[in-house]
There are 2 protein chains.
Amino acid sequence: MKEKTRNLDPVILLKEVGLSPTMQRVAILRYLLLNRNHPTVNMIYQDIRRKIPTLSKTSVYNSLNLFRKHNLVFTVPTDEDEKHYDLRLTSHSHFICRECRIIYDLKLPKININDEINGHKVEQYDVILRGICNKCKSKKS
Amino acid sequence: MKEKTRNLDPVILLKEVGLSPTMQRVAILRYLLLNRNHPTVNMIYQDIRRKIPTLSKTSVYNSLNLFRKHNLVFTVPTDEDEKHYDLRLTSHSHFICRECRIIYDLKLPKININDEINGHKVEQYDVILRGICNKCKSKKS
DNA sequence: ATAGTTGCAAAGGCTTTGCACCGCG
DNA sequence: CGCGGTGCAAAGCCTTTGCAACTAT
């Protein structure tokens, strides 16, 4: 089975869902395309501000919430206060290190989920693994 | 394979992990034992306040954070702002309705996760399903 | 003109922190 | 007395909202 390939140009992605590709939006979406690091609003803001010094945090929030409505980005379900954003161009799981809090992408064998479970209509699922990542493990020894 | 049965007495549970069973802590833990509804701090607070009117929200926070440190309770990874608490006496998954935001427990076939993936030490995993629950589905029709 | 965007400032909401008080060994 | 636990008040953050200025069609 082949993953559907999607266009990786932020401008085209935005147009596809009917959003005007403003400088800010393109920059934010491009950041997400280039940095697959599940960033927080602040990480995105701090980075793009170097190129667009007038960028406001509000616009980052606005854009990301818009992107979410259009299923361009998703949030990684964590138990942290800050939201972490994710593109999901391919289906994958996440490993969260309880030491350094870094979120790693993981390719797990797909699990079979019915479209309907206990009468609930299932649209999406996430698998989150937790533990100690390899870097933190070696730091300790 | 049999699930390990655990004592369901809040006092004993607290003592087992070395926490003194104060009135507040017992009440909070008992609430979680009796109400498997993935409550927020506020839900717990509002309920117990009826019996212990002097209870403070701070104490609810203090207790729950303590319980978490001792692995008595966990938080359900959602993308909401309020944390939802869960006991996990048995391993189960969660279904979150994107309409009413209710979190349902789900018994899914266990998935096989290695203790180590990509060099990361896996200690725990969560499966979160999302969609529309049966109640909200029928409301719409 | 008109609708859509941006960004500052303020508000809102959840959680943590500081600290005084209380109770119990 | 000393220690742990509680709870009020305040602070801290993340996020949203209100709104005025701006842009582009």
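In what follows, every chain begins at residue 1, and chains take the letters A, B, ... in the order their sequences are listed. Atom set for the values below is all heavy atoms of this structure, side chains included, hydrogens, waters and symmetry mates excluded.
The side chain of A/V41 sits closest to D/dT15 out of D/dT15, C/dT5, C/dT15. The side chain of A/Y61 lies closest to D/dC14 when the candidates are D/dG7, D/dC14, C/dT15. When distances are taken from the side chain of A/T54 to each of C/dG7, D/dG4, D/dG7, the shortest belongs to C/dG7. The side chain of B/T58 sits closest to C/dG18 out of C/dG18, D/dT15, D/dG5. Closest contact between the side chain of B/Q24 and the listed nucleotides D/dG5, C/dT6, D/dG7 involves D/dG7.
Atoms OH (B/Y85) and P (C/dC14) sit 12 Å apart, rounded to a whole Å. Per the geometry, CD belonging to B/E82 stands 17 Å off P belonging to C/dG12, to the nearest Å. Across the protein-nucleic acid pair, A/L64 atom CG and D/dC14 atom C1' stand 13 Å apart, rounded to whole Å. Across the protein-nucleic acid pair, B/F67 atom CZ and C/dT15 atom C1' stand 17 Å apart, rounded to whole Å. One atom, CG of A/L19, and another, P of C/dA3, lie 19 Å apart when rounded to the nearest Å. Straight-line distance from the CD atom of A/Q46 to the C1' atom of D/dC14: 14 Å, rounded to whole Å.
Judged by distance alone, with hydrogens and angles left aside, the side-chain atoms of A/D47 form no donor-acceptor pair with the main-chain N or O of A/M43 at under 3.5 Å.
No hydrogens or angles considered: nothing links the side chains of B/H84 and B/H94 as a donor-acceptor pair under 3.5 Å. Side-chain contact check for B/K57 and B/N42: at least one donor-acceptor pair (N or O, by modelled atom type) lies under 3.5 Å. Side-chain N/O atoms of A/T54 and A/R49 include no donor and acceptor closer than 3.5 Å.
Salt bridge status for A/E99 with A/R101: absent, with no side-chain N to carboxylate O gap under 4.0 Å.
Remark: A/T40 is not in phosphate contact with D/dC14, judged by side-chain N or O atoms under 4.0 Å from OP1 or OP2. Proximity of B/S59 to the phosphate of D/dG5: no side-chain N or O atom is located under 4.0 Å from OP1 or OP2. At D/dT23, none of the side-chain N or O atoms of A/T22 fall inside 4.0 Å of OP1 or OP2 (strictly under the cut-off). For B/N62, no side-chain nitrogen or oxygen approaches OP1 or OP2 of D/dG7 to under 4.0 Å. Between A/N65 and D/dT16 there is a side-chain N or O to OP1 or OP2 distance below 4.0 Å.
Between A/N42 and B/Y45, the residue whose closest nucleotide on DNA chain D is further toward the 5' end is B/Y45. Projected onto DNA chain D by closest heavy-atom contact, B/I52 and B/D81 fall at different nucleotides, the more 5' of which corresponds to B/I52.
B/K83 comes within contact range of the sugar-phosphate backbone alone, with a heavy-atom separation under 4.0 Å but no base atom that close.
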